[in-house]
Each structure stands twice: as structure tokens, then as C-alpha cells.
There are 2 protein chains.
Amino acid sequence: MAARVLYDLAGADPAVRFSPYCWRVRLALAHKGLEVETRPWRFMERDALAPSGQSKVPVLVEGDVWLADSLAIARHLEEAYPDRPALFPRAGGLGEARLVVAYADTVLNPALAPLYVADIHAMLDEGDKAYFRESREARFGTSLEALAAARAGRVEAARKALLPLRHTLRDQPFLAGEVPAYADYAVFGAFMWTRAVSTFDILEEGDAVFAWRERMLDLFDGLARRAPRAV
Amino acid sequence: MAARVLYDLAGADPAVRFSPYCWRVRLALAHKGLEVETRPWRFMERDALAPSGQSKVPVLVEGDVWLADSLAIARHLEEAYPDRPALFPRAGGLGEARLVVAYADTVLNPALAPLYVADIHAMLDEGDKAYFRESREARFGTSLEALAAARAGRVEAARKALLPLRHTLRDQPFLAGEVPAYADYAVFGAFMWTRAVSTFDILEEGDAVFAWRERMLDLFDGLARRAPRAV
């Protein structure tokens with residue numbers, strides 16, 4: 001066997017490699033400047049992967065070490081080849097935190113908004129209510145009352161929007177890593193928004209996102225936990 | 001006026017602050033250890049924000065500098081107070097890249113999959129086709145033919161899943177920042193997957209995501225651009 005082999009999902013034409021996860025590994029290897037033999041693999045060839053304990057690719061073999069799972073492979077490459085270009089670099093700027101902010105803006109907040117706009121309306125100053133109702137009913141194309149009535153049916157979709165958080169928090173205590181930073185605040189803002197206006201909560205105890213939210217509420221001597229709520 | 005004032009969205013009870021974006025700034029200020037007067041603001045009080053050129057909060061006033069937009073404020077704080085704890089830190093581990101990977105796994109790839117599974121089936125080795133059809137039809141609860149027929153109707157939802165990319169790439173050339181890294185590969189894998197199996201493309205020229213994909217295709221002497229396609 002070559003020094004380094006990647007089992008790489010192929011179609012009928014063995015030259016066509018189409019797995020998004022194998023491509024992650026392929027490019028991570030190129031980034032590290034590492035040679036690899038990419039071996040075409042089909043779904044039915046489970047036996048070939050047996051030493052990895054997995055039935056799916058990507059599987060990377062380095063000497064007699066078998067590695068499965070694209071992220072586990074990336075972590076391994078980063079650790080095993082620290083002198084090569086970093087896969088998880090720490091250069092200036094916002095870096096990957098920019099996408100965390102964008103996720104909060106475009107996935108999380110829009111998923112939560114329809115569940116809470118009626119609660120927001122209820123706690124607004126009288127002078128703000130007409131503006132808020134008109135602008136939000138135009139945005140959602142329906143009445144605040146209809147949104148409130150549809151809430152239970154939207155919980156599942158909202159929980160689905162939390163999946164990136166749940167996956168991340170399986171691996172690390174904060175979205176920014178070992179300690180909280182702006183990525184955490186950008187996302188946590190959504191939970192302060194809903195907490196201020198409502199007792200309706202889409203998180204359940206035992207969820208890693210729930211535990212993270214508890215840690216966030218405790219930061220800065222409970223700054224967020226102590227914040228007044230309308231309910 | 002106090003040295004630093006945050007105009008902070010309030011409900012009828014001025015103590016209740018519920019804007020997710022104002023909370024981002026509030027916590028970013030706490031992270032930096034900076035004092036602030038948080039001034040309750042209602043939607044109708046647009047005149048109060050006039051010097052910022054904005055009609056929405058958060059607006060932060062430091063001396064005679066008026067700043068709007070939560071992310072712009074965070075960038076300003078990071079730049080103005082570099083000796084305080086970093087909002088966009090560069091410590092070890094995967095950091096925020098972990099959530100980029102999770103976004104690709106749980107938002108982007110699932111949004112693209114139903115558009116492309118019929119194309120994938122068509123290019124598979126004969127030995128893989130029965131397994132693939134059975135497992136994917138079970139996953140999506142419908143036939144591959146029905147998924148193919150519904151493709152045009154699903155494009156808008158898939159484009160919506162790209163919003164975090166579009167927002168990020170407005171500000172920086174790669175998802176990891178100035179240079180590509182694993183966050184880019186994790187997301188780009190999705191586009192290699194669809195490119196290998198289909199000519200159907202949900203990206204349009206002029207889209208920042210399209211331009212980023214072009215840059216990714218060119219990396220490593222065109223490693224990805226040269227990859228064989230089934231179509």
C-alpha cells in the first residue's frame with residue numbers, strides 16, 4: 001500500500017469523485033502539501049474499510065493507521081503536521097467568526113423570529129406597537145395572532161436551525177473554543193431576545209445548547225441572567 | 001452625555017432590553033471590561049439616533065463618535081482596545097471553524113442533497129444503485145424521480161441556506177479570512193459534490209459565493225477544477 005491512501009467515493013466512472021466529505025480531506029491534504037493516493041471506493045465495498053471500524057468514507061490510511069470521519073482526519077493532520085500550513089489558522093481579522101455571525105443573522109434569528117413576534121408586540125411601549133405590528137405583519141405576510149397560533153408547529157423547524165450549535169458544542173464549551181468570545185455573543189443575543197419577551201423556550205434540559213446558554217447567562221457575574229424580563 | 005452610551009431597544013418597561021443585536025454589543029463591552037450607560041430606546045425615537053445616520057439600534061456613542069451596526073461596533077472595540085481581551089481571539093483548537101463545519105454538515109449539505117440525489121444515482125456504479133436508491137428514498141420519504149421533479153421548486157430554499165456564506169464573503173475573500181483553510185474546504189466540499197454529478201447549478205455569476213467558488217477551484221494549481229465530472 002502507498003504511504004498514504006484515501007478511500008474516495010466514486011461513481012460508475014472511477015475517476016469521478018463526488019463525496020463532499022472526501023473532498024474536504026483531499027483539499028486538507030493539499031493544504032498540508034501531503035501526497036496521497038486516492039483510491040476509488042463504492043458504497044458496496046464495506047469490507048475494504050474494515051480496519052477503520054467504519055462502513056463509510058472518507059477513510060485515510062497512513063502506514064498502518066486507519067482514520068475515519070473527515071473532521072477527525074483534519075484534526076489528525078493538524079496535529080501530526082504542525083509545521084505545515086495550519087488548517088485552523090489564527091491570523092488576524094474576524095476569520096471564521098464572521099460566518100458564525102452570519103449564521104446567527106441569517107439562519108438562527110429568522111428561525112426564532114416568527115415564534116416570538118407576538119410576545120414582543122405584547123411587551124412593547126404603546127407608542128411602538130402600531131409600527132411594530134405593521135412592519136412585522138408585512139415581513140411575515142400574516143397577522144401576529146396567526147403567528148402566535150402557529151407557534152407549536154414551528155418549533156421543530158426552529159430546533160433544526162440550532163443543529164450547527166449542537167454539533168459545535170459537542171466538541172467545545174463555547175462557540176469560540178475554550179473561552180467565550182464574539183461568536184458566542186452573536187448567537188447568545190438571540191436567546192436574550194427570546195428570554196426578555198417570553199417564557200416560551202425551545203431548548204430542553206440535557207441539550208448541549210441549553211448547558212451552553214446557562215454558562216453564557218453566568219458570564220460577567222450574571223450580567224445576562226440578572227437582566228430584567230417582561231414576563 | 002456619559003463617556004460611553006449604548007442606545008438599547010426597550011419594551012414598555014424601560015428596564016427590559018430585548019434586542020439580540022444590542023445584547024451582542026452589551027456583552028462585547030463587558031468582555032472588553034468597558035463601562036457603558038445603556039439608554040432605553042424605542043422604535044419611534046429615530047431622531048435620537050440622527051447623528052449615527054441610522055434609524056435602528058444598536059448605536060454606540062463614545063465621546064463624539066457615533067457608531068451603528070453590531071458587527072461594526074465589535075470591530076471598532078477590537079481595534080480601539082487591543083490590550084483588552086480579544087473578541088476575535090486566536091487561541092488553539094478549532095475555534096469558530098468548528099461551527100463552520102457544523103453549518104456545512106447540518107444546513108448546507110442537507111439543503112443541497114434533495115436537489116442532487118437523482119443525479120448522483122444516475123452516475124453511480126451499477127452495483128451501488130440499489131443500495132443508494134433504497135437508503136435515500138427512505139431518508140427523503142419519496143422517490144428519486146419525485147425529488148428530481150421537485151428540484152426547481154426547491155432552489156429558493158437551497159439559496160437561502162447559502163446566506164451565511166454570502167454575508168461572510170461580503171467582508172473577506174475566504175471563509176477562514178484572508179487565506180483559505182479548513183472552513184473553506186468543509187463548505188467547498190458541497191460544491192465539488194454537486195459539480196461532479198450534475199450541470200445544475202444554484203449559483204449565479206455576480207454572487208459573492210460564485211466568485212469564492214472560482215477561487216477555490218483554482219487552488220493548488222486547479223486541483224478541484226481539473227477533477228473529472230460525470231457530466
Side-chain angles (χ1 to χ4, degrees), chain A residues 11-13 15-16 18 20-21 23-24 27-28 30 42-44 71 74 87-91 93-103 105-107 109 123-125 127-128 131-132 163-164 167-168 171-172 175-177 181-183 185-186 189-190 192-193 196-197 220 223 228-230, chain B residues 11-13 15-16 18 20-21 23-24 27-28 30 42-44 71 74 87-91 93-103 105-107 109 123-125 127-128 131-132 163-164 167-168 171-172 175-177 181-183 185-186 189-190 192-193 196-197 220 223 228-230:
Chain A
D13 178 349
V16 177
F18 65 101
Y21 299 96
W23 270 105
R24 294 179 183 185
L27 290 157
R42 270 74 176 257
F43 286 113
M44 291 297 101
L71 189 58
L87 287 167
F88 303 102
R90 298 295 170 218
L94 274 58
E96 298 90 345
R98 184 63 188 84
L99 193 135
V100 183
V101 175
Y103 153 78
D105 291 348
T106 66
V107 178
N109 291 1
M123 57 73 77
L124 288 178
D125 188 67
D128 275 357
Y131 156 78
F132 188 84
L163 276 172
H167 279 229
T168 302
D171 283 359
Q172 53 192 48
L175 303 178
Y182 192 72
Y185 310 141
M192 288 306 291
W193 176 39
V197 302
F220 311 119
L223 169 67
R229 304 172 68 181
Chain B
D13 179 348
V16 176
F18 65 101
Y21 299 96
W23 270 104
R24 294 179 183 185
L27 289 157
R42 271 73 176 257
F43 286 114
M44 292 298 100
L71 190 57
L87 286 167
F88 303 103
R90 299 293 171 221
L94 273 59
E96 298 90 345
R98 184 64 188 85
L99 193 133
V100 183
V101 175
Y103 153 78
D105 291 349
T106 67
V107 178
N109 291 0
M123 58 72 78
L124 288 179
D125 187 66
D128 275 358
Y131 156 77
F132 187 83
L163 276 172
H167 279 228
T168 302
D171 283 1
Q172 53 191 50
L175 303 178
Y182 192 71
Y185 310 142
M192 288 306 290
W193 176 40
V197 302
F220 312 119
L223 169 68
R229 305 173 67 181

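Here is how names work: the chains are called A, B, and so on, in the same order as the sequence lines, proteins then strands, and each is numbered from 1.
- Proximity of a side-chain donor or acceptor of B/Q172 to a complementary backbone N or O of A/G95 within less than 3.5 Å is detected.
- In this structure, B/F88 CZ and A/E96 CD are separated by 12.0 Å, a value rounded to the nearest 0.5 Å.
- Taking CG of A/D105 as the start and OG1 of B/T168 as the end, the distance is 9.0 Å to the nearest 0.5 Å.
- Contact count against chain B (heavy-atom pairs under 4.5 Å) is highest for A/A186 among A/A230, A/A186, A/A74.
- For A/Y103 and B/Y103, the ring centers sit 6.0 Å or farther from each other.
- Taking each heavy atom of A/A196 and B/V16 in turn, the nearest pair found is O-CG1, 3.7 Å.
- Summarising the geometry of A/P20 relative to B/A190, their closest heavy-atom pair is CB-N, 3.9 Å, with the distance given to 0.1 Å.
- Nearest heavy-atom pair across A/R24 and B/Y185 is CG-O, 3.5 Å.
- Looking at A/V100, the atoms closer than 4.5 Å to chain B (heavy atoms on both sides) sit in the backbone and in the side chain alike.
- Heavy-atom distances place both the backbone and the side chain of A/D128 under 4.5 Å from chain B.
- The two residues A/F132 and B/F43 make their nearest non-hydrogen contact at CD1-CE1, 3.6 Å.
- Residue contact with chain B, scored on non-hydrogen atoms closer than 4.5 Å, involves the side chain of A/F220 exclusively.
- Counting heavy-atom pairs closer than 4.5 Å to chain B, the top residue among A/L124, A/N109, A/L163, A/L99 is A/L99.
- Here the side chains of A/R98 and B/H167 are in contact, with some heavy-atom distance below 4.5 Å.
- Across B/A183, B/G189, B/G127, B/P164, the residue that shares the most heavy-atom pairs under 4.5 angstrom with chain A is B/P164.
- B/D125 is linked by a salt bridge (charged side-chain N to carboxylate O under 4.0 Å, His left out) to A/R42, counting only residues two or more places apart in sequence or in another chain.
- Between chain A and the options B/L223, B/V197, B/L27, the largest number of non-hydrogen pairs under 4.5 Å is found for B/L27.
- In terms of heavy-atom pairs under 4.5 Å with chain A, the best-connected choice from B/D13, B/V107, B/L175 is B/L175.
- The closest side-chain heavy-atom distance from A/L94 to B/L71 is below 4.5 Å.
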